[in-house]
Student: 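This is the structure I have questions about; it appears just below.
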Amino acid sequence: MQTLETDVAVIGAGTAGLNAYRAARAAGARTVLIEGGPYGTTCARVGCMPSKLLIAAAEAAHALAAAPGFGVHPGAVRVDGAAVMARVRAERDRFVGFVLDTVEQIPVTDKLRGHARFVAPDRLQVDQHTAVQARSVVIATGSSPILPPAWLAAGPRVTGSDAVFDWASLPGSVAVIGTGIIGLELGQALQRLGVRVALYARGDSMAQLGDPAVAMAAAQALARELDLRFHTVVKAIAADGAQLLVRSRDGDGRLREERYDQVLCAIGRQPNVHQLGLETTGLTLDRHGIPLYDQHTMQCGASAIFIAGDANNERPLLPEAVDQGRIAGDNAARHPRVAPGLRRTPLAVAFTEPQIATAGASYRTLCATHADRYAIGQASFEDQGRSRVMRQNEGLLRVYGELGTGRFLGAEMVAPRAEHLAHLLAWACQAGLTVAAMLDMPFYHPVIEEGVRTALRDLARQLERGQASPAGPVPCCPGA
Ligand SMILES: Cc1cc2nc3c(=O)[nH]c(=O)nc-3n(C[C@H](O)[C@H](O)[C@H](O)COP(=O)(O)OP(=O)(O)OC[C@H]3O[C@@H](n4cnc5c(N)ncnc54)[C@H](O)[C@@H]3O)c2cc1C
Ligand SMILES: NC(=O)c1ccc[n+]([C@@H]2O[C@H](COP(=O)([O-])OP(=O)(O)OC[C@H]3O[C@@H](n4cnc5c(N)ncnc54)[C@H](O)[C@@H]3O)[C@@H](O)[C@H]2O)c1
């Protein structure tokens, strides 16, 4: 057993960990980066990038399927599943390669392989080979898919999303459990690539949406092409020859048994904090076992331990892992002189079609923080000019503004090209613009952004009237 002394130890060489490492080094600290799994990051290996590669293939197939609506007839479309998956893997490997190059450039003496766990607040045990004595520690251990053992017992055809990107070809049928971002993105992509897909949702939530009106619009839009089973509980999964038998019960109590080639379990991810020996640190944990921490410094209590990225479950998204990792690494190096870092306006995009996006304060947050002190404006995309031109005229945008000040607070939407609308709105939010100031901005024609203007005009009217919502009291019931 060797002992290693350092200023900062970073646990996890994912996106948050790599950024923490760089920031700590830039602040002049001796830093050790500890990785227990493969290098390459979740984003590049099994997250953002391979999922968007699969979605890109699905968009190509969908564009052909939608072409006759414009009078364009491409002929018989054939999806070569093996070729689709080969491209996903090849491009994925290329993205992973860039990360591996970065890791390769880190001095060997700064890298340690193995799983780390605390044995004291300032001491880590890495596998059985190294004890690390550190002035500060950054926890950047990421998250893992939740996979119920009872479902996994049905065999290797029950998987989380990680396994999808290693499929050699496309299966004939997939049951997707969960209508969070992963379930919807992958479920729709597979369906568009010709796979028979059914999505099981125990409630009626849609991705990250909290606004019931937008969630309903999203459900309506996606149900046009997807077999969405709301209020349906998966009771059991069993092996059935080469297939899987899925037993479910719907909201009316009806039992169903159906066969699929694969089950994709997308019921959420949990932070990797439970095998870390946190009980030896004296940190106060929340009810999920995550240390309490300051969202501006990433510091856990008054300790020299910092937590960043999916590990803290605050906003488990790539840009957040970057920012939080940087803040945590910088403060770990400077401890005890920690300082708040830049936390940006929340922004999240689900790459479904239509896309689902949230920017600024979410509906659920406003219900908690603003109660009846905010108004809602909205715009439907059904008759929106440019959306109709593109035959993508579906969706709903709801924008929120503060009564009294007229300040723009946030938005939830299901809309064509929502990734761009959400950026626009998040920037306005972070700049602290009022709704009136936003309406003074230029809008071209014909563009989807004109839908934003329609919603903002509606919001301006509601703010003018001093009303909490266009249709009476705002139904503040998260998940409704
Ligand atoms: C299918 C999918 C699609 C996604 N799409 C998007 C998207 O489009 N846009 C977006 O913004 N976000 C997306 N995300 C989320 C994004 O990928 C994550 O938020 C981000 O990668 C988290 O980075 P991280 O550094 O916190 O964790 P990771 O990159 O997972 O890094 C954690 C590292 O810690 C290591 N580790 C864990 N425990 C220990 C230990 N005890 N000792 C040593 N090492 C340890 C792990 O091996 C891992 O390498 C997606 C996620 C998934 C799963
Ligand atoms: N485009 C993106 O930015 C993107 C894409 C993919 C993933 N991600 C990140 O990954 C995280 C994890 O995604 P996710 O979709 O796995 O989790 P999620 O938490 O977003 O959604 C999980 C869903 O599964 C449902 N669920 C839970 N238990 C269930 C059960 N027993 N049966 C049926 N449904 C059940 C939940 O109600 C929820 O709707 C996301 O929160 C997001 O931060 C982001």
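Both counts, for ligands and for their atoms, begin at 1 and track the order of listing.
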Student: Nearest to atom 33 (C) of ligand 2, what protein heavy atom do you find, and at what distance?
Tutor: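 For atom 33 (C) of ligand 2, the nearest protein heavy atom is Ile177 CG2, 3.6 Å.
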
Student: Decide whether an N or O pair under 3.5 Å exists between Glu35 and ligand 1.
Tutor: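 There is such a contact, yes.
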
Student: Any chance the side chains of Thr358 and Glu412 put a donor and an acceptor closer than 3.5 Å?
Tutor: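 No pair is found: no donor N or O on one side chain lies under 3.5 Å from an acceptor on the other.
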
Student: Nearest protein heavy atom to atom 21 (O) of ligand 2, by residue and atom, and its distance?
Tutor: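 It is Gly180 CA, 3.2 Å.
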
Student: Hey, is Arg269 one of the residues with a heavy atom under 4.0 angstrom from ligand 1?
Tutor: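 Yes, that is the case, since the closest heavy atom of the residue is under 4.0 Å from the ligand.
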
Student: Looking only at the side chains, is there a donor atom on one of Asn331 and Gln299 sitting less than 3.5 Å from an acceptor on the other?
Tutor: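 Absent: no donor and acceptor within the cut-off.
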
Student: Nearest protein heavy atom to atom 4 (C) of ligand 2, by residue and atom, and its distance?
Tutor: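 Closest protein heavy atom to atom 4 (C) of ligand 2: Ile181 CG2, 3.4 Å.
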
Student: Output yes when the distance from some N or O of ligand 1 to some N or O of Thr42 is under 3.5 Å, and no in every other case.
Tutor: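 Yes, Thr42 has an N/O under 3.5 Å of an N/O on ligand 1.
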
Student: Please check if any side-chain donor atom of Thr141 sits under 3.5 Å from a side-chain acceptor atom of Asn272, or the reverse.
Tutor: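 Thr141 vs Asn272: no donor-acceptor pair found between side chains.
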
Student: Just to check, does Gly40 reach to within less than 4.0 Å of ligand 1 when the distance is taken from its heavy atoms?
Tutor: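 The answer is no: ligand 1 sits nowhere under 4.0 Å from a heavy atom of Gly40.
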
Student: Please work out whether any backbone atom (N, CA, C, O) or any side-chain heavy atom from C-beta onward of Ile182 is under 4.0 Å from ligand 2, and answer side chain, backbone, both or neither.
Tutor: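 It is both backbone and side chain that touch ligand 2.
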
Student: Of all the heavy-atom pairs spanning Pro121 and Val137, show the shortest one and how long it is.
Tutor: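 So the two residues come closest at O-CG2, 4.3 Å.
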
Student: Polar-atom distance check: Pro319 versus ligand 1, any N or O pair below 3.5 Å?
Tutor: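 No.
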
Student: Is the closest heavy atom of Gly203 to ligand 2 under 4.0 Å?
Tutor: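 No; Gly203 lies far enough from ligand 2 that no heavy-atom distance drops under 4.0 Å.
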
Student: So which of Ser205, Cys43, Pro148, Ala357 gets nearest to atom 39 (O) of ligand 2, if we judge by its closest heavy atom?
Tutor: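 The nearest heavy atom belongs to Ser205.
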
Student: Would you check whether Gly309 has a nitrogen or oxygen atom less than 3.5 angstrom from a nitrogen or oxygen atom of ligand 1?
Tutor: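 No - when backbone and side-chain N and O of Gly309 are compared with those of ligand 1, no distance drops under 3.5 Å.
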
Student: Looking at atom 9 (C) of ligand 2, what's its closest protein heavy atom, distance included?
Tutor: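 For atom 9 (C) of ligand 2, the nearest protein heavy atom comes out as Pro316 O, 3.5 Å.
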
Student: Would you say that Asn313 contacts Ser143 through its side chain, given a criterion of any heavy-atom pair below 4.5 Å between the two side chains?
Tutor: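 No, too far: nothing below the 4.5 Å cut-off.
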
Student: What protein heavy atom sits nearest atom 24 (O) of ligand 2, and how far off is it?
Tutor: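 The answer is Ile267 CA, 3.4 Å.
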
Student: May I ask you to check whether Thr15 has an N/O atom sitting below 3.5 Å from an N/O atom of ligand 1?
Tutor: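 Such a contact does occur with ligand 1.
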
Student: How far is atom 44 (C) of ligand 2 from its nearest protein heavy atom, and which residue and atom is that?
Tutor: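 The closest one turns out to be Leu317 CD2, 3.7 Å.
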
Student: For atom 11 (C) of ligand 2, which candidate among Arg229, Met206, Arg269 provides the closest heavy atom?
Tutor: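 Among Arg229, Met206, Arg269, the closest heavy atom to atom 11 (C) of ligand 2 belongs to Arg269.
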
Student: Looking only at heavy atoms, is any part of Val349 under 4.0 Å from ligand 2, and if so is it the side chain, the backbone, or both, or is it neither?
Tutor: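 It is the backbone that gets close, since no side chain atom is under 4.0 Å.
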
Student: Under 4.0 Å from a heavy atom of Gly178: give me the atoms of ligand 2 that qualify, with their elements.
Tutor: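 It comes down to these atoms of ligand 2: 24 (O), 34 (N).
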
Student: Do the rings of His335 and Phe306 sit parallel, tilted or perpendicular, given the 30° and 60° boundaries?
Tutor: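 It falls in the perpendicular class, over 60°.
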
Student: Do Ile182 and ligand 1 have an N or O pair less than 3.5 Å apart?
Tutor: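 No, there is no polar N/O contact under 3.5 Å.
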
Student: Under 3.5 Å, is there a donor on one side chain and an acceptor on the other for Arg117 and Gln125?
Tutor: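 There is no such pair (donor and acceptor under 3.5 Å, judged by atom type) between the side chains of Arg117 and Gln125.
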
Student: Looking only at protein heavy atoms, which one is nearest to atom 36 (C) of ligand 2, and what is the separation?
Tutor: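 Protein heavy atom at minimum distance: Arg202 NH2, 4.1 Å.
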
